[in-house]
Chemist: 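Submitted below is the structure of interest, expressed as structure tokens.
Keep in mind that the numbers below use all heavy atoms, side chains included, and drop hydrogens, waters and symmetry copies. Naming: A, B, ... by sequence-line order, numbering from 1 per chain. The structure displayed is predicted, hence computed values, not measured ones.
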Amino acid sequence: MADLSVKIDKLALKNPVMTASGTFGNGVEFDDFFNVDELGGIILKGTTLNHREGNDYPRMAETPSGMLNAVGLQNKGVDYFCEHIYPKVKGYNTNVIVNVNGSTIEEYIALTERINELTNVDAIELNISCPNVKQGGMAFGTSCPMAEQVTKEVRKVYDKTLIVKLSPNVTNIAEIAKGVENKGADSVSLVNTFLGMAIDAETRKPMLSTVTGGLSGPAIKPIALRMVWQVAQAVKIPVIGIGGIMDATDAIEFILAGASAVQVGTANFVDPNASVKMIKGIEDYLERHNYSNINEITGGLQL
Amino acid sequence: MADLSVKIDKLALKNPVMTASGTFGNGVEFDDFFNVDELGGIILKGTTLNHREGNDYPRMAETPSGMLNAVGLQNKGVDYFCEHIYPKVKGYNTNVIVNVNGSTIEEYIALTERINELTNVDAIELNISCPNVKQGGMAFGTSCPMAEQVTKEVRKVYDKTLIVKLSPNVTNIAEIAKGVENKGADSVSLVNTFLGMAIDAETRKPMLSTVTGGLSGPAIKPIALRMVWQVAQAVKIPVIGIGGIMDATDAIEFILAGASAVQVGTANFVDPNASVKMIKGIEDYLERHNYSNINEITGGLQL
Amino acid sequence: MKKEVSNLLVTKNIALNHDNFLIELKADSPVEQILPGQFVNVKVEKSPNTFLRRPFSVHDTYPSTNSFSILVKAVGDGTEALSVIKEGQRLDVVFPLGNGFKLPSKGESILLIGGGVGIAPIMHLARISKEKGADVHILLGARTLNDHILIDEFKRYGTVHLTTDDGSLGTKGFVTNHPVIDGKIRFNRYQCCGPDPMMQAVARKAKQNETECEVSLENMMACGFGVCLCCVTKTNEGNKCVCTEGPVFNINNLEWQI
Amino acid sequence: MKKEVSNLLVTKNIALNHDNFLIELKADSPVEQILPGQFVNVKVEKSPNTFLRRPFSVHDTYPSTNSFSILVKAVGDGTEALSVIKEGQRLDVVFPLGNGFKLPSKGESILLIGGGVGIAPIMHLARISKEKGADVHILLGARTLNDHILIDEFKRYGTVHLTTDDGSLGTKGFVTNHPVIDGKIRFNRYQCCGPDPMMQAVARKAKQNETECEVSLENMMACGFGVCLCCVTKTNEGNKCVCTEGPVFNINNLEWQI
Ligand SMILES: Cc1cc2nc3c(=O)[nH]c(=O)nc-3n(C[C@H](O)[C@H](O)[C@H](O)COP(=O)(O)OP(=O)(O)OC[C@H]3O[C@@H](n4cnc5c(N)ncnc54)[C@H](O)[C@@H]3O)c2cc1C
Ligand SMILES: Cc1cc2nc3c(=O)[nH]c(=O)nc-3n(C[C@H](O)[C@H](O)[C@H](O)COP(=O)(O)OP(=O)(O)OC[C@H]3O[C@@H](n4cnc5c(N)ncnc54)[C@H](O)[C@@H]3O)c2cc1C
Ligand SMILES: Cc1cc2nc3c(=O)[nH]c(=O)nc-3n(C[C@H](O)[C@H](O)[C@H](O)COP(=O)(O)O)c2cc1C
Ligand SMILES: Cc1cc2nc3c(=O)[nH]c(=O)nc-3n(C[C@H](O)[C@H](O)[C@H](O)COP(=O)(O)O)c2cc1C
Ligand code: FES
Ligand code: FES
């Protein structure tokens, strides 16, 4: 059997399949379906310093081959996380990564410091790309100087693996990737959702309470793949590919484009077993093509 | 029957349905299917100063609810256009608009001057957003100063209606729209295609000869709609909505978001009659909702 | 009962009228543990405009054949694709989901209220409630005579009361116009599933009559099992997921303006 | 013939073997005017991964019933969805598209070469060529005996020669290994449809034997009627659209490295 293990900085992943923040709850919701330990890693739901109620309902709309969401980082805040969620997930025998969100640099720092205390959290994913919050969020991810600054400050207080999650809503994502690499990011993950919108023509109302929301799913895959390809060529740190990955073939495409690992998002809703099936599918692909190690195809696009 | 006529600057459209450049040939290819004069306007295939062979085959790949293209502005150049194509289209009783492309400002100007001589060309659409050419193209559309400069220079030599076609591959499309408005654009049309990519996992090769290409179709509709909404709020000139518009409902959504008119692109491939059917569909919608004039719903999103 | 994703066999698809379809699915595991009010999330194949799964209440369970049914009203592409599914085909289903209705104690009088396709979970609830020894009353509302379905089946589990908007069957008007709701019987509980305005009207009656009241919500869902946080409703403990902390809520917990 | 978009009735769908399906479609307009080598572009419903139409050669026309057929090989989602279409259903088809093969003069000898599902347009071409009074030879290549289909039908219109990769039927090897191609008969023309490597091998033979040669290309298409410019092939007059200036090309016009 082919060796699927990959490294993202200090993080050892038994395979390149992780699950994307906000689409996998805290992992425990999947215990009924499969053994979460089989995954390369899980990124928990976006956490903020303080409790957030999130946006009003309706928070989602289906679109062609995709969906819009406007959850708005609903979560109970980091104290609740440390007390009630961390105990449930710290026993997982997979990489547990917390998705960190702030509306100011100070918030990012305070939150990171709290997460840093949790021994079994192996890395943080710095979310500078949430399109669904009024303050902060995507503003950090769409400005190169701001992205650099938040990375630099968080780096100062965090020694474990720091992944920065990039926004696709930019003119030049490779530039931002290089910027955060320079400021000490150990890895970049991309993409977060695209800012989109849906209207109900009959009622003449927006489909989301917030008017705009984040587009995810297969619809965005071609753009996400292009961005991963561009970023992989621009940086030396490992790239984590995200965006419309539904099956092993999609995952292989991102890996060929240069991703060291992938995150499965919206696919978890369509098929709760999508991520774990993907591992098997990647194994089959490698075997069929006579590769003994996943690394042999990373960035292996034939030009 | 409701009044469907709209105005884009000096251009009177009998209805808001136009067809998008590069997806409608020179109109004549549709003569077998329906009477092209029924449309509000047609935007002809992208024209350049000199003959262009375009990119190598393969030039297209299907993606979830969309397609990538890498045609690369194949056309026989403006001389051929004036001599051979213009005579065929000048008799159309609809607005005939030429899509103008350059790799330098000088080329844009020279081309515009040539088109300006053609009495029956009612407007030009300045394409500063083609992702499929090495030089110029999208570079003009993704930089605000460059977009402004080309608009300003072309404005100097062109008195008829000047539509500037915007690229969606930017952080802040409203800013660019405002920029070109300030430099004299009479209207903005958006969006052009999103830069995307597809890989054949089995062969490990890109699906397009150019690796990346332009994504169009329903997949991009939520993002295009959001951009039209943002731009419509930012500018005073009429906005023309483009992006994944397949039927009358889609068109109404763009109009509610603030578009004065729409362009039908990829839908022409899926159903050659899509554009003309859309006119009927919009009529039915207005009737069903008791509107007597299309203008009553322009920008009529209920917040 | 553990949630599962299973490829279930369609053993029946009966058109009850032009837009309501009763689809029976055979499971691999015992279905006794599915609770009245729980729902399932169905992947719709061959429907290009149906990307996400579609949620449907469990209409009833048939423990002897390890089967359960859903009642599907064709309202869009996904439900239309389901309406033509054939016996022998398979459906990929995540189940069972959600919390379910409160079950009555022996001797309690309960009024189960269903409007439109909201009658779906009422059958299962009525049957189990009768088995528990409750005095079951079932109040069903529909637009016209022709929209009323499954009345005989409901009669097996309780006293059936009917309303139609146009008066073509039963009491004319909404369910809340039916005399049973303000009548002699002091119900221990109203349990209701239907369009939001109907459930709110019932909730108002419940307040007036000081009767406990549960409603089953149908918020738009992306995942159905508590991970996307898209399906929330406001409660007095903040936003709660309808798919895991509902779909059944006691109206006292909801922030409804009634 | 004017191009049209029509909702055509499926009058037959015959499985010829496990992956080849002959679908007959009834048109509203007379089909005599469809030329051999022309193709149609089919909208595939209920196939979520099939966004664009799918092009298929006209296999033959049946003027007495205003019908024509296509031969579909199931290779992906779109063709698989078509393979299960039933008599009585309808298909949305744009037709006829493309230029068509050159038709022979009376007394000419022609060799029509088909490989794999590339045999599709050869039937129509063979029938019309025979009607024109040509001496028609048909050379069909397939992987094995079981992949050869419609041989008896082809025999009606000319002398049939067969090859298989494994020698299980006819000459072992590729079509270009068959003796007829270098044999006694000096053909006026080879006309060929099949996988690119096969057509290129045939083109090489044609150069060697100084024989006129037409090939039918299957480039990926978005529109099928000349507006998207996606389907181009390099010719000595620059890029040409396969959908309007082809699919049939004289090899002298192509920039093939042969
Ligand atoms: C917990 C729950 C239980 C349900 N039980 C049943 C049931 O037993 N029987 C039944 O027929 N239906 C039930 N529904 C509603 C059913 O899920 C929707 O009718 C279905 O998803 C519509 O899919 P579609 O593709 O046919 O329609 P679409 O084309 O997606 O939409 C058609 C119309 O239905 C509306 N709609 C879409 N999704 C929902 C939704 N989740 N809730 C309400 N309206 C929606 C849309 O706004 C639109 O107006 C339930 C929904 C939930 C959340
Ligand atoms: C002018 C023309 C005539 C054709 N005539 C016939 C015919 O008579 N009978 C027949 O069975 N097929 C014919 N084809 C090929 C047929 O169009 C494809 O097999 C079909 O589009 C595949 O669709 P799919 O959704 O099943 O496969 P997909 O899932 O889209 O693709 C499956 C595989 O087929 C390849 N493929 C997809 N589209 C094409 C294409 N246009 N040409 C070649 N390969 C493709 C893909 O690269 C992939 O490897 C013709 C194609 C053209 C351009
Ligand atoms: C409902 C929903 C909630 C999300 N919440 C978060 C979040 O809290 N933090 C974050 O970084 N990304 C969040 N995302 C973005 C995903 O992690 C992922 O980047 C995106 O959905 C694209 O991947 P996909 O196409 O595979 O879904 C969310 C996405 C969805 C659909
Ligand atoms: C095959 C193809 C060719 C195109 N060529 C041009 C072009 O020459 N000039 C231009 O401005 N836009 C061109 N476009 C972009 C379209 O005009 C349109 O902006 C885009 O496709 C989005 O709309 P849609 O989703 O409705 O297709 C082309 C698009 C396609 C698919
Ligand atoms: S639908 Fe995803 S949390 Fe309820
Ligand atoms: S397929 Fe569009 S031009 Fe040929």
Side-chain angles (χ1 to χ4, degrees), chain A residues 61 63-68 131 142-144 167-172 194-207 211-215 217-230 244 246 248-257 285 288-289 297 300-303, chain B residues 61 63-68 131 142-144 167-172 194-207 211-215 217-230 244 246 248-257 285 288-289 297 300-303:
Chain A
T63 65
S65 299
M67 63 172 281
L68 288 163
T142 54
S143 145
C144 197
S167 171
N169 299 292
V170 297
T171 309
N172 189 345
F194 288 77
L195 195 64
M197 174 172 174
I199 293 174
D200 181 336
E202 290 306 307
T203 62
R204 287 182 290 142
K205 290 200 187 120
M207 304 272 267
V211 186
T212 61
L215 183 66
I220 66 168
K221 195 187 76 166
I223 320 180
L225 192 60
R226 180 266 295 180
M227 290 181 165
V228 164
W229 185 66
Q230 289 179 326
M246 304 301 280
T249 307
D250 294 334
I252 299 283
E253 290 168 21
F254 277 81
I255 292 169
L256 288 169
Y285 175 93
R288 194 151 39 81
H289 289 267
I297 65 164
L301 186 66
Q302 308 283 307
L303 293 181
Chain B
T63 64
S65 298
M67 62 173 281
L68 289 163
T142 52
S143 145
C144 197
S167 172
N169 299 292
V170 297
T171 310
N172 189 342
F194 287 76
L195 195 62
M197 175 170 172
I199 293 174
D200 182 335
E202 289 305 309
T203 62
R204 288 183 289 141
K205 290 201 187 121
M207 304 272 267
V211 185
T212 61
L215 183 66
I220 67 169
K221 196 186 78 168
I223 319 179
L225 191 61
R226 179 266 295 181
M227 290 182 165
V228 164
W229 185 66
Q230 289 179 325
M246 303 302 280
T249 307
D250 294 334
I252 299 284
E253 289 168 22
F254 277 82
I255 292 168
L256 288 168
Y285 176 94
R288 194 151 39 84
H289 289 267
I297 64 164
L301 186 66
Q302 308 284 307
L303 292 182

Chemist: If you tally heavy-atom pairs under 4.5 Å against chain A, which of T63(B), T203(B), T212(B), V211(B) wins?
Modeler: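 Among the listed options, the one with the most contacts to chain A is V211(B).
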Chemist: How long is the span from the CD1 atom in I220(B) to the CZ atom in F194(A), to the nearest 0.5 Å?
Modeler: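 One gets 11.5 Å once the value is rounded to the nearest 0.5 Å.
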Chemist: For side-chain hydrogen bond (donor to acceptor under 3.5 Å, both in side chains), just list the numbers for T171(A) and T142(B), CA-CA rounded to whole Å, side-chain angles, deciding distance to a tenth of an Å, and then say yes or no.
Modeler: CA-CA 7 Å; T171(A) 309; T142(B) 52; over 6 Å; no
Chemist: Nearest heavy-atom pair of S65(A) and S65(B): which atoms, and what distance?
Modeler: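 Heavy atoms only, the tightest pair is OG-OG, 2.5 Å.
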Chemist: Please examine the side chains of L215(B) and I223(A), heavy atoms only from C-beta on, and report whether any two atoms are closer than 4.5 Å.
Modeler: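 Yes, close enough: below the 4.5 Å cut-off.
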Chemist: Among A257(B), A219(B), A248(B), A224(B), who wins on heavy-atom pairs under 4.5 Å with chain A?
Modeler: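 The candidate making the most pairs under 4.5 Å is A219(B).
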Chemist: Test M197(A) against L301(B) for side-chain contact (heavy atoms from CB on, under 4.5 Å), laying out the working first.
Modeler: CA-CA 12 Å; M197(A) 174 172 174; L301(B) 186 66; 3.5 Å; yes
Chemist: Side chain, backbone, both or neither: which part of I252(B) has an atom under 4.5 Å from a heavy atom of chain A?
Modeler: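 When you check distances to chain A, only side chain atoms of I252(B) fall under 4.5 Å.
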Chemist: In terms of heavy-atom pairs under 4.5 Å, which option from L256(A), L68(A), L195(A) contacts chain B the most?
Modeler: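 Between L256(A), L68(A), L195(A), the count favours L195(A).
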Chemist: Looking only at heavy atoms and a cut-off of under 4.5 Å, which of I297(B), V170(B), N172(B), D200(B) has the most pairs with chain A?
Modeler: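 Most pairs with chain A among the choices: V170(B).
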Chemist: Give the member of P206(A), S143(A), G213(A) that has the highest number of heavy-atom pairs under 4.5 Å with chain B.
Modeler: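 Looking at each option in turn, the highest pair count goes to P206(A).
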Chemist: Please classify the contact between Y285(B) and chain A as side chain, backbone, both or neither, with a heavy-atom cut-off of under 4.5 Å.
Modeler: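 Y285(B) touches chain A through side-chain heavy atoms alone.
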Chemist: Can you tell if the side chain of T249(A) reaches within under 4.5 Å of the side chain of E202(B), non-hydrogen atoms only?
Modeler: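 No, too far: nothing below the 4.5 Å cut-off.
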Chemist: Identify which of V228(B), D250(B), N169(B) forms the greatest number of heavy-atom pairs closer than 4.5 Å to chain A.
Modeler: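 Highest number of heavy-atom pairs under 4.5 Å: N169(B).
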Chemist: Among G300(B), P222(B), G196(B), single out the residue with the greatest number of heavy-atom pairs under 4.5 Å to chain A.
Modeler: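 Highest number of pairs under 4.5 Å: P222(B).
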Chemist: What do the steps show when you test E253(A) against R204(B) for salt bridge (charged side-chain N to carboxylate O under 4.0 Å, His left out), and what is the final call?
Modeler: CA-CA 8 Å; E253(A) 290 168 21; R204(B) 288 183 289 141; over 6 Å; no
